[in-house]
Amino acid sequence: MYLPMLIPHESKTVKMMSNKGRKCLLLLSLLAFVVLGVVNGEYLIGVGSYDSTGPAAAVNLMGYGNIQQNAAGIHFRLRARAFVVAESPNGARFAFVNLDAGMASQLVTIKVLERLRSRFGDLYTEENVAISGIHTHAGPGGYLQYVLYIVTSLGFVKQSFDAIIDAVEQSIIQAHNNLKPGSIFINRGDVDNAGISRSPSAYLLNPAEERAQYPTNVDKQMTLLKFVDGESRESIGAFNWFATHGTSMSRDNRLISGDNKGAAARFFEDWYRSALGKGKSANRSNVDGLLLIEKAQTIGATGGQPCSKTSSRSSKVRINDGSLFVAAFCQSNVGDVSPNVLGAFCTDTGKPCDFNRSSCNGDDTLCVGRGPGYPDEILSTKIIGDRQFKTALELFKSAKEELTGKIDYRHAYVNFTDIEVELEGNRVVKTCPAAVGAGFAAGTTDGPGQFGFQQGDTEINPFWKFVRNLLKKPSAYQEKCQKPKPVLLSTGEMFHPYAWAPAILPIQMLRLGQLIILSVPGEFTTMAGRRLREAVKETLISNGNGEFREDLQVVIAGLTNTYSQYVATFEEYTQQRYEAASTVYGPHTLSAYIQEFKKLAKAMATGVKVPRGPSPPDLSSVQISLLLPPPGDLPPPGINFGDIKEDVAQPESKTFKMGDRANATFWSADPRHDLLTEGTFAVVEKLEGERWIPVHDDDDYCLFFKWKSENYGLYGSATIEWEVPEETKPGIYRLRHYGSSQKIFSPTEYFTGASSAFTVS
Ligand SMILES: *[C@@H]1O[C@H](CO)[C@@H](O)[C@H](O)[C@H]1NC(C)=O
Ligand SMILES: *[C@@H]1O[C@H](CO)[C@@H](O)[C@H](O)[C@H]1NC(C)=O
Ligand SMILES: *[C@@H]1O[C@H](CO)[C@@H](O)[C@H](O)[C@H]1NC(C)=O
């Protein structure tokens, strides 16, 4: 503990007393503990977690830019998971949020900070809050503010946005309210076979002597923090950073999913729950199988029934208020790292794609990466998630190195349009206004883009030039500045109807003892990330007067606080593959980051502040939304929402076994009326005596909720599909659906229905 930090800021304390009396008392008593030295741990720690799933129908999924990839159900839910650490009740602190979304969004950050300010005063600000996206490509889009990032979602989608800011805010509030003395342990280890380079030809352009310092062309290291309650000595959470893309689910998937990182978090939290023996798991029943089948046959489907707004919540299997255990898998320097570890192959010939361009006889759309479960993407997601989970669990169990020392942070806004960067030998170069090149349109082996483009293109054909010029002809300055990138879209020069790309980016450094977290607003490639980490570490050690040691750990938190696409090295940039074509501020983008982060590092090492820099714009008032809300509902005559449409089909053996899939389809209404946040659309119930006990909800990997709109959206069908998992106990089960509907000019109504019973043996 650091005494200077224990002296409360007078004015702040007084202000808090007046409006936050009770909380203040708690904080003061904590402070007393700290001052008396009766503290079990180095820091105050708290974790939180809240549902951020968002609209499960019609909204474009963010990531692949595939206009046809609209949500149609949920595989498992998305969450915001947060930890807060503080030196003392009034000492330095920061909040880190791991968000199950494609990436962070400037507008989300702005609005969350506004809410935190009105709740907590200046306890949480842009400087000490980090919101980091996991980079799933299966989360609802439309929550970003710059045009290029909301084209396929038909503009801004308020429902996606609100779900995310609510969840981020709630997760921080929980973590704040849960703050207690505790210890944090750090551990590191490799994750095998969870990521490969998807642009190895670009990596090879980095200097040989630099490459020789690293064993592989992707970073395999996972860095994990374990949070331990100071009093009970029980663990309350684990957060780790590891780089691999959230592209195990393909560009054709339409179910909301946290992809491999969301899955890993689900597995870890479920492991903890079962290890503790907490949760509502049903007891073993020893009933004779034939009797069960006979009994099940007497229990038919129930028709649709009205229920309350919160009914689905009481069917949740997990308690997710951050009071139990929060596990989060955070993204890192992910730029060129694919989870499709079997490699990329041509869909026509089955042969590997062209090494330099990832195309097949010139066609980029035929080259597709394969995950370890190929062709089953659900299985690939599970395997890549499981590999991260297993490593995290090992690191968690064996974590011994305790973090001690200061909490600190530095943050700056930087206008990346024209940063002067001083390179070695006093050469001064500049960054450029944002622009994407032709290789951007080619997409990657994780999700091929437009036909007619290839990664590595340094020319644009006359037709596309013509089309481009209709939108915006890049300035001569821009074309020269971005070279050798052929400018496809000069997004930094496009302002209609509003800005197409960010100019101002937040950069941030968080310190937790001998751990430094670098919040970067984009996707650094492997080597770009290594260079940034090394530069920061070197700067801290050489300026820190012994405060920072050689064992200092530096991790990159990717896609944090806002989004500005990729950052490739200068050498990689020359090849103009996808990552380079998406490095929007030109060839010296990385050098600019390194220069600006070194300023933060030097300021931290020498204990001085940094200038705040220019504010990023809040574009909320000019957003355009073209996605239509659901029309009013009207079920077919004689049908109630929640009625069974297709009952569960009993298998020939009259009983389901592990690995079988049971499904039932219900008449239902658009799931956007009420997102059932912290609730569930789907439940598997088990009969215990006379009572039906929920054993799985739509947050389970084994349970799928699939939505299909019919008759212009007047109604639709909800299919609930359960893949019977290994640990299932023999017994009588049924599938339940919850939903909500809204007739025109009427309030939202809630309904539920259940399938006929069936047995699992
Ligand atoms: C890739 O491109 C480089 C540079 O143009 C060339 O030397 C190399 O032979 C190419 N590799 C393959 C496998 O085509
Ligand atoms: C960023 O800098 C450029 C060049 O100086 C300037 O034209 C632009 O207005 C700045 N952007 C913002 C959002 O302030
Ligand atoms: C539901 O299960 C039945 C029987 O196994 C199968 O024929 C049908 O295709 C499944 N329906 C869906 C939507 O998965």
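Every heavy atom of this structure was used, including side-chain atoms; hydrogens, water molecules and symmetry mates were not. Everything numeric in this text was worked out from a predicted model, so none of it was measured. For ligands, and for the atoms within them, numbers begin at 1 and follow the listed sequence.
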**Request:** Determine, for R77 against D697, whether the closest basic-nitrogen to carboxylate-oxygen distance falls under 4.0 angstrom.
**Result:** no
**Asked** Counting only heavy atoms on the protein side, is anything nearer than 4.0 Å to atom 5 (O) of ligand 1?
**Response** no
**Asked** Once the angle between the rings of F751 and H737 is folded into 0 to 90°, is it parallel (under 30°), tilted (30 to 60°) or perpendicular (over 60°)?
**Response** perpendicular
**Message:** Check this for me: does any side-chain nitrogen of one of R577 and D336 sit under 4.0 Å from a carboxylate oxygen of the other?
**Reply:** no
**Asked** CG/L619 to CG/L144 distance, rounded to the nearest 0.5 angstrom?
**Response** 11.5 Å
**Prompt:** Does the gap between the ring centers of W500 and Y149 come in under 6.0 Å?
**Reply:** no
**Request:** Just do the ring-ring contact (aromatic ring centres under 6.0 Å, His included) check on F416 and Y593 with the steps written out, would you?
**Result:** CA-CA 9 Å; F416 265 68; Y593 269 104; 4.7 Å; yes
**Fill in**
For atom 11 (N) of ligand 2, the closest protein heavy atom turns out to be N415 ND2, 3.1 Å
**Request:** Please confirm whether N663 comes within less than 3.5 Å of ligand 3 when only nitrogen or oxygen atoms on both sides are compared.
**Result:** yes
**Prompt:** Any chance the rings of F161 and Y143 have centres within less than 6.0 Å?
**Reply:** no
**Item:** Residue and atom name of the nearest protein heavy atom (relative to atom 10 (C) of ligand 1), distance in Å to one decimal
**Value:** N356 ND2, 2.4 Å
**Message:** Below 3.5 Å, N or O to N or O, backbone or side chain included: is there any such pair between D354 and ligand 1?
**Reply:** no
**Request:** Provide the number and element of each atom of ligand 2 under 4.0 Å from a heavy atom of D418.
**Result:** 4 (C), 5 (O)
**C360 and C367 SG atoms less than 2.5 angstrom apart** = no
**Message:** Does the protein place a non-hydrogen atom closer than 4.0 angstrom to atom 14 (O) of ligand 2?
**Reply:** yes
**Request:** Enumerate the atoms of ligand 2 whose separation from the nearest heavy atom of I504 is less than 4.0 angstrom.
**Result:** 12 (C), 13 (C), 14 (O)
**Item:** Nitrogen or oxygen of E721 less than 3.5 angstrom from that of ligand 3
**Value:** yes
**T719: numbered ligand 3 atoms lying under 4.0 Å from its heavy atoms** = 13 (C)
**Prompt:** Which atoms from ligand 1 have a heavy atom of F355 less than 4.0 Å away?
**Reply:** 13 (C)
